[in-house]
Amino acid sequence: MKQLISTAALAVALVSTPAMATQAATDAKAADGFVAQAEAEYAKAVVEAAQAGWVYETYINQDTEALTARADAAVTALMVRNAKSAASLATLPGLSYDTARKLDRMRTLIVLPAPTTPGGADEIATLRARIQGIYGKGKGTLSGKPINGSDIEAAMGTSRNPAELKEMWSSWHDNVGKPIREDYVKLVTLANQGAKELGYADVGALWRSNYDMAPEEFSALTEKLWQEVKPLYQDLHCYTRTRLNQKYGDAVQPATGPIRADLLGNMWAQEWGNIYDVVAPAGSGDVGYDVTDLLVKKNYDPIRMVKAGEGFFSSLGFEPLPATFWQRSQFVKPADREVVCHASAWDLDNVDDLRIKMCIKVNGDDFVTIHHELGHNYYQRAYNKQPMLYLDGANDGFHEAIGDTVALSMTPEYLVQIGLLDRAQVPSADKDLGLLLRQAMDKVAFLPFGLLIDRWRWQTFSGEVQPAQYQKAWTDMRLQYQGIVPPVERGADAFDAGAKYHIPAVVPYTRYFLARVLQFQFYEAACRQAGWKGPLHRCSFYGNKAVGERLNAMLAMGASKPWPDALQAFTGSREISGKPMIRYFAPLTRWLKQQNMGKTCGW
């Protein structure tokens with residue numbers, strides 16, 4: 001019987017194959033035509049939305065809020081329509097590689113899907129614009145006086161007064177986070193409706209589908225990477241807590257358990273480099289210079305800082321930034337209006353209208369941030385010859401990692417090369433632990449924060465965490481991953497997650513976790529290509545055009561190939577790995593374990 005069925009099926013197939021083949025070719029051609037039209041419409045809408053978004057973020061008022069909401073609504077509605085059509089076309093036989101990939105990207109590129117119910121796109125865009133405005137105009141207090149977002153960040157990094165730190169932390173989270181909560185709940189509900197219409201369980205599942213693998217495979221990948229780097233974070237946490245206890249005493253920071261979040265030199269405790277002076281070991285901890293001091297002594301202003309960042313990329317063989325970059329970027333906070341100070345990089349026309357938006361202060365943190373943002377701009381320009389749906393990084397972690405890879409190369413030798421540091425001030429080899437610890441206070445300390453933001457959002461999107469538990473789940477997750485606690489009791493009406501830019505802006509955050517891992521993989525590969533033979537953390541590939549050529553080749557791929565192809569093009573490996581980061585910090589790891597002997601680590 002099996003043989004008879006197979007023979008009969010074969011006969012039918014032989015008779016119908018020409019017609020089916022003709023139909024398949026016709027369907028594939030129709031799909032090609034749909035993609036071409038959809039790309040053209042999307043390109044136009046994205047530029048219009050970017051222009052409206054730029055005006056809004058650099059000039060916040062009710063009119064610009066309405067303009068950006070309208071433009072975002074139009075883009076969202078277009079993307080949802082195209083995504084629904086793409087889902088039906090994606091299963092057709094005979095599709096070319098590019099058509100199949102672009103149809104898939106039409107679905108996964110949507111960050112905030114709107115339901116197709118009447119007014120759905122407008123409502124979701126209005127909510128998003130409103131909560132971004134609350135964040136952009138938000139203020140905390142210091143000594144009872146209002147202080148804006150960029151100033152409060154700077155003050156959190158320099159104050160060593162626990163009462164001041166507690167006031168700034170509490171006021172910012174109360175004044176910015178709480179007012180966002182109600183609208184955020186509505187946003188989650190609407191976006192989930194949109195995601196389900198596209199065939200996803202929820203928005204979190206949609207986000208996790210944008211990595212050339214199944215959502216559950218991506219979750220497993222991030223967990224694998226976290227387990228690789230987690231022991232290093234735990235060692236750093238234990239050491240840092242000991243030093244904070246020595247400085248502030250048991251009443252402020254106990255010697256065991258979690259760390260008080262406001263003591264770590266950053267509003268969100270995401271990077272701890274600002275308290276390096278508190279944790280620096282005697283002798284080796286004094287590396288002999290401070291980048292902020294160097295910038296001030298050399299009379300750097302914000303423009304000169306950006307010029308220095310451009311200079312690094314130019315040294316690798318990249319073309320200078322266009323004249324319009326200098327004419328149109330926002331480098332400092334305007335005195336006459338509210339703006340979103342959170343640093344970001346833009347390519348408004350998807351060709352060469354590159355810009356950064358910052359409220360630059362002359363300090364080491366912003367010097368690094370400038371290199372990070374310029375990494376986005378050079379990536380954007382490198383792939384600007386790709387079709388519209390490929391104008392993106394290999395994955396979003398790649399986009400975040402490029403500038404940070406350059407920042408790892410900002411070694412003492414590099415600072416000498418650009419005239420910031422005198423050669424006599426270059427730290428000797430016995431200062432390496434200090435250099436590594438200072439780097440780890442930012443790079444390693446960030447890892448759990450980079451992971452938990454989206455893990456919290458995945459749970460809110462899936463309904464595992466309901467609105468009544470938003471705050472408790474946030475506080476619990478901060479304790480679980482970071483080992484930190486808020487400086488004051490947080491009630492159920494608080495919404496501390498909303499006091500972090502990427503929550504009201506609805507920017508997926510796992511990209512930053514991936515970037516922290518990828519940048520060490522890129523950096524190790526670049527140093528290997530440059531022929532570096534010394535300690536990895538002393539390597540600078542500044543001025544190496546061979547590295548620049550190979551880097552540009554990867555960047556120019558954009559999103560045209562799966563990310564393992566892009567990774568292999570530059571590093572030779574197809575797997576993201578935390579091992580290069582572990583190798584980079586190996587000397588510090590050994591030292592931290594010695595310092596932590598006899599301590600009760602963990603929380």
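Remember, it's a predicted structure, so these values are computed and weren't measured experimentally.
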Exercise for review: Establish, yes or no, whether a centroid distance under 6.0 Å links the rings of F520 and Y523.
Suggested key: no

Check your understanding: Do R208's NZ or CZ and the ring of F218 fall within the cation-pi criteria of under 6.0 Å and 45°?
Key -> no

Review point. If we ignore angles and hydrogens, is there a donor and acceptor under 3.5 Å between the side chains of H376 and E400?
Key: yes

Practice item. Any pair with a residue in residues 156-168 that passes salt bridge (Lys or Arg N to Asp or Glu O under 4.0 Å), sequence neighbours left out, goes on the list, sorted by first then second residue, please. Key: R160-D277

Exercise for review: Spell out, as yes or no, whether a donor-acceptor pair under 3.5 Å connects the side chain of K357 to the backbone of H342.
Suggested key: yes

Check your understanding: Does the side chain of L551 reach to within under 4.5 Å of the side chain of F318, using non-hydrogen atoms?
Key -> yes

Exercise for review: Inspect the contact between D493 and R181 and indicate whether a charged nitrogen and a carboxylate oxygen are less than 4.0 angstrom apart.
Suggested key: no

Check your understanding: With ring centroids as reference points, do Y481 and F449 lie under 6.0 angstrom apart?
Key -> no

Review point. For S219, does its backbone N or O pair with a side-chain atom of T222 as donor and acceptor, under 3.5 Å?
Key: yes

Check your understanding: Is a donor on one side and an acceptor on the other found under 3.5 Å between the side chain of R260 and the backbone of V485?
Key -> no

Revision key, fill the gap. Heavy-atom closest pair (T411 atom, S540 atom, distance to 0.1 Å) is OG1-CB, 3.4 Å

Practice item. Give a yes or no on whether a salt bridge exists between R538 and D432, defined as a side-chain N under 4.0 angstrom from a carboxylate O. Key: yes

Check your understanding: For residues 589-603, which residue pairs qualify under side chain to side chain donor-acceptor pair (under 3.5 Å), counting only residues two or more places apart or in two chains?
Key -> D235-K593

Check your understanding: Can you name the one residue among W268, W458, F513, W474 that meets side chain to side chain contact (heavy atoms under 4.5 Å, CB included) with I453?
Key -> W474

Check your understanding: Of all residues at least two apart in sequence or in a different chain, which pass the side-chain hydrogen bond (donor to acceptor under 3.5 Å, both in side chains) check with Q439?
Key -> Y584

Check your understanding: So, for Y383 and Y379, is the gap between ring centers shorter than 6.0 Å?
Key -> yes

Check your understanding: Considering residues at least two apart in sequence or located in another chain, which fulfil the salt bridge (Lys or Arg N to Asp or Glu O under 4.0 Å) criterion with K224?
Key -> E228

Point to revise | Under-4.0 Å salt bridge between R478 and D496 | key: no

Exercise for review: Measure centre to centre between the rings of F461 and W456, then say whether the value is under 6.0 Å.
Suggested key: no

**Study point:** E524 bridged to K579 by N-O distance under 4.0 Å
**Key:** no

**Study point:** Centroid-centroid under 6.0 Å between H502 and Y512 rings
**Key:** yes

**Study point:** Y414-F312 aromatic ring centre distance below 6.0 Å
**Key:** yes

Point to revise | salt bridge (Lys or Arg N to Asp or Glu O under 4.0 Å) pairs, two or more places apart, involving residues 358-375 | key: D151-K361

Practice item. Not counting sequence neighbours, which residues clear side-chain hydrogen bond (donor to acceptor under 3.5 Å, both in side chains) with S577? List them please. Key: none

